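Model, not experiment: these values are computed from the prediction. Every number for a ligand or one of its atoms is a count from 1 in the order of the listing.
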Amino acid sequence: MKVLKFGGTSVANPENINKVKSILGNQVKEKIAVVVSAFGGVTDLLLTASQLASQQDLNYKNSLAEIEERHISAIKELIPVTSQSGVLSKVKSELNTLETLLEGAFLIGELTPKLSDKIVSYGELLSSYIISEFLKAEGLDVDFKDSRELIVTDNNFGKANVDFKKTNTLCEAFFASNPNQITILPGFVASSSTGNSTTLGRGGSDYTAAIIAGAVNADILEIWTDVSGMYTANPKLVKQAKCVANISYEEAMELSHFGAKVLYPPTIQPVLGKEIPIAIKNTFDPESPGTLIAKNNNGNGKTVRGISHVGNISLLSLEGPGMIGIPGISKRFFETLSVKNISIVLITQASSEHSICVGIADEDVDMAAEAVNETFEYEISTKKIKPVILEKDLTIIALVGDNMKSHQGLSGKMFSTLGKNNVNIRAIAQGASERNISAVIKKDDVKKALNSLHETFFEENIKQLNLFVMGVGNVGSKFLDQIQQQKKYLKEELKLNVRVIGISNSRKMAFDENGISLKEWESILGNGEAADKQAFFERIKSLNYRNSIFVDNTASAEVSDSYPDYLKNSISVVTCNKIACSSNFEHYKNLKHLAKQYNSPFLFETNVGAGLPIIDTLKHLIASGDKIRKIQAVLSGSLNFVFNTFNDSVTFHDVVKQAQEQGYTEPDPTIDLSGVDVMRKILILARESGHQLDIDDIENEPFLPKESLETNSNEAFFESLKKYEADFQKMYKDAADKDCKLKYVAQFEDGKAKVGLQQIPKGHDFYNLEGSDNIVLFFTDRYVNQPLIIKGAGAGADVTASGIFADIVRIGNF
Ligand code: ADP
Ligand code: ASP
Ligand code: MG
């Protein structure tokens, strides 16, 4: 014999119930007991209705009306008109009784646990009756049996305890003599030996099925639900979660105890002794193999089998100097909780001689605190013990696996993963069975914690990077193209799964929590919401994804001012915007400090030399213990272009104009021509070499006439260039006469930096610099005579985008 159970979603509506029918129709012709839940959501409606009624709130009638509608419309849709009337009249009469019960609660203004159980039992009683009538009408060999006639419990309403001796006898006798192939039974409900309706706890239909399976010694218990098995983590929260094909009873029990709702925890117990396997199957994908829970089925030595979590937990701690050396404190503490029937979900390792700390369900904690304070009233009044300390809104997250005990380092890996992702751990515990390690964390961090642990323990080291890109102009759009192109390579070769979750320009912003399709980002952004920098940040913060990276492709001071907000929330920052790193030293230092404190890298390789690995090289030199003695560099692609193009057959004015038109200069060309841009770059290199410098400390000998520098419009600026053409030609001739070329050079030596135009002789490393190329010479303790040279294109959207890309990959490997 087989026992099948269909959960709330599987029987939520006629369409789903038809799926159940085809699953039953495909069974081989052996005896089957089919346990069903209430139509999805009906138990909640019943509970709401009874709460409202007991508060004398007439709105209970709305919930009742909804319950009635769900059942009546299901009958009309499922059962042929010819046989409808009998079913309708029976169900209507049941609904009338339900109404009377609710009216009773309304009139008295009270809801006893006994009445509550009576009321909620209607969910399963009605669903099972309607489903059995439907299947009969469809020609299946079906009968209905009320589980209250088979399962006997005590009077612990809401979560009654089963009397297995009586129950097993009744079940055996019934199924031995029952002639029908399929018996439909309501889950969740039972009756006490005094004849009251009781229930087995929320999610208890699984348990009903297991009780029957155990009693009749079934070959298998199949739990049909809305997911394809027991997953490595709740698939609704962890997209990458995978179905666990085989799992042991103990592992499944531990996972469900720690919140894997797919199986109600007590379910294992009635089948465990008889070694009846449990299959978890998906009603909406019956072909998929699902999970098999069986003896010793613990996955070929794999350690961590699943990650689960229990929400709505509070920590309650008792501490004080008076606890040391006084016997019996723990005993009184635990007794107090036990007398109040409060179950302890976890006892933490923080428990020491002068403190005890336990995890309790939020709903019980106020009562628990009051009781404990009362028990220790004397010690508290004499200040030997402090009143209990409560911390609410927490969640327990647990790693589970039979083989975890024989492996070292798992807890280290767990806590370092959480630490790296800035998940604060409030308490830790390790089950005595060593089958789980649990940590108590803040509720808001759950999704992040589950996903990062999942990544560490299950995803063959594939790391997900979540990008939020501000600025999608020249550089930004190239960057998105490159990601789109390399996505597959990154995943396969570098084990990085890069997703762009948010994008924004100055007008619009758009988000997609599953990753924006990069083929269509332009239209997605076009249809986005109005851009708002603060709202963009708030959104990223509230998503609270692990490995979040904010990418700034703008040149905006306002955007760069927001970096501290990002870093403080563990969101890394990658930027080609130079403003932050060349602003005052304190600000720069603070950003570096925040990056360290919050474990959120702050990378800006493209601030100097676009995609050239200049800052990264500098960091490596320093990290390996080398000392920077001197840096000499040509760092302005725009000035290079200008001086490489300028000669005695063109005017300086025309060359600068051309540079501007071709996008080699900033929109305001004086930023480049005054040397300010180069000053910012050498400032950043000096700072990265460990020196405290500000922009005013840099010597700048301008080559432009004062008048040109002081113009306040581009037009006036270009006019002044015409006026001074003769001076520019002289500058060129002086150099050419000495066989020299003009280069705008930045230098840093002995703690001092300067920038200016220099005549560079033949043979010098700078002499043959082409187009907009940059070059940097690092003279260090190790590179004394021959400097370490980095040279190549130092401007342009493509290379800048690839520099940003490289920073993203650096974070991925961090
Ligand atoms: P049913 O109504 O069929 O009893 P439940 O809602 O009680 O279904 O349980 C199924 C749900 O359990 C899934 O939809 C999923 O959200 C949740 N769940 C939590 N943890 C896990 C897990 N580790 N594997 C599978 N499902 C899980
Ligand atoms: N209907 C009950 C509940 O929602 C029992 C179950 O579905 O397992 O808790
Ligand atoms: Mg369930």
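The contact set between ligand 2 and E124, taken as ligand atoms under 4.0 Å from a residue heavy atom, comprises 1 (N), 2 (C), 5 (C), 6 (C), 7 (O). Ligand-side atoms of ligand 2 in range of R202: 3 (C), 4 (O), 9 (O), range being under 4.0 angstrom from any heavy atom. Atom numbering of ligand 2 starts at 1 in the shown order; those under 4.0 Å from a heavy atom of S37 are 6 (C), 7 (O), 8 (O).
Using a 3.5 Å distance cut-off with no hydrogens or angles, the side chains of T199 and D117 do pair a donor with an acceptor. A donor atom on one side chain and an acceptor atom on the other are found under 3.5 Å apart for D57 and N59. Between N514 and K239, the side chains place a donor N or O and an acceptor N or O closer than 3.5 Å (distance only, hydrogens not considered).
Note on D445 versus R426: no salt bridge recorded, every NZ/NE/NH1/NH2 to OD/OE distance being 4.0 Å or above. Checked for salt-bridge contact, K261 and D206 miss the test: no charged N lies under 4.0 Å from a carboxylate O.
Looking only at distances, a side-chain donor or acceptor of N547 sits under 3.5 Å from a matching main-chain atom of Q464. Distance alone, capped at 3.5 Å, is enough to place a donor-acceptor pair between the T208 side chain and the F188 backbone.
For ligand 2, the polar-atom distance check finds an N/O of G203 within less than 3.5 Å of one of the ligand's N/O atoms. Between S205 and ligand 2, at least one pair of N/O atoms sits closer than 3.5 Å.
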Using the rule given for side chain to side chain contact (heavy atoms under 4.5 Å, CB included), can you reason through Q240 versus E455, listing the C-alpha separation, both sets of side-chain angles and the distance that settles it, and then say yes or no?
CA-CA 8 Å; Q240 331 284 342; E455 204 166 74; over 6 Å; no
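Counting heavy atoms of neighbouring residues, nucleotides and ligands inside a 6.0 Å radius, atom NZ of K114 does not exceed 12 of them.
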Distances only, to 0.1 Å: what are the N or O pairs between ligand 1 and the protein that fall under 3.5 Å?
| unit_1 | atom_1 | unit_2 | atom_2 | d |
| --- | --- | --- | --- | --- |
| ligand 1 | 2 (O) | G8 | N | 3.0 |
| ligand 1 | 3 (O) | T225 | OG1 | 2.7 |
| ligand 1 | 4 (O) | K5 | NZ | 3.0 |
| ligand 1 | 6 (O) | K261 | NZ | 2.8 |
| ligand 1 | 8 (O) | T225 | OG1 | 3.2 |
| ligand 1 | 12 (O) | V262 | N | 3.3 |
| ligand 1 | 14 (O) | D226 | OD1 | 2.9 |
| ligand 1 | 14 (O) | K236 | NZ | 2.6 |
| ligand 1 | 16 (O) | N234 | OD1 | 3.1 |
| ligand 1 | 16 (O) | K236 | NZ | 3.3 |
| ligand 1 | 23 (N) | Y231 | O | 3.1 |
| ligand 1 | 24 (N) | Y231 | N | 2.8 |

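G204 counts as a contact of ligand 2, since one of its heavy atoms falls under 4.0 Å from the ligand.
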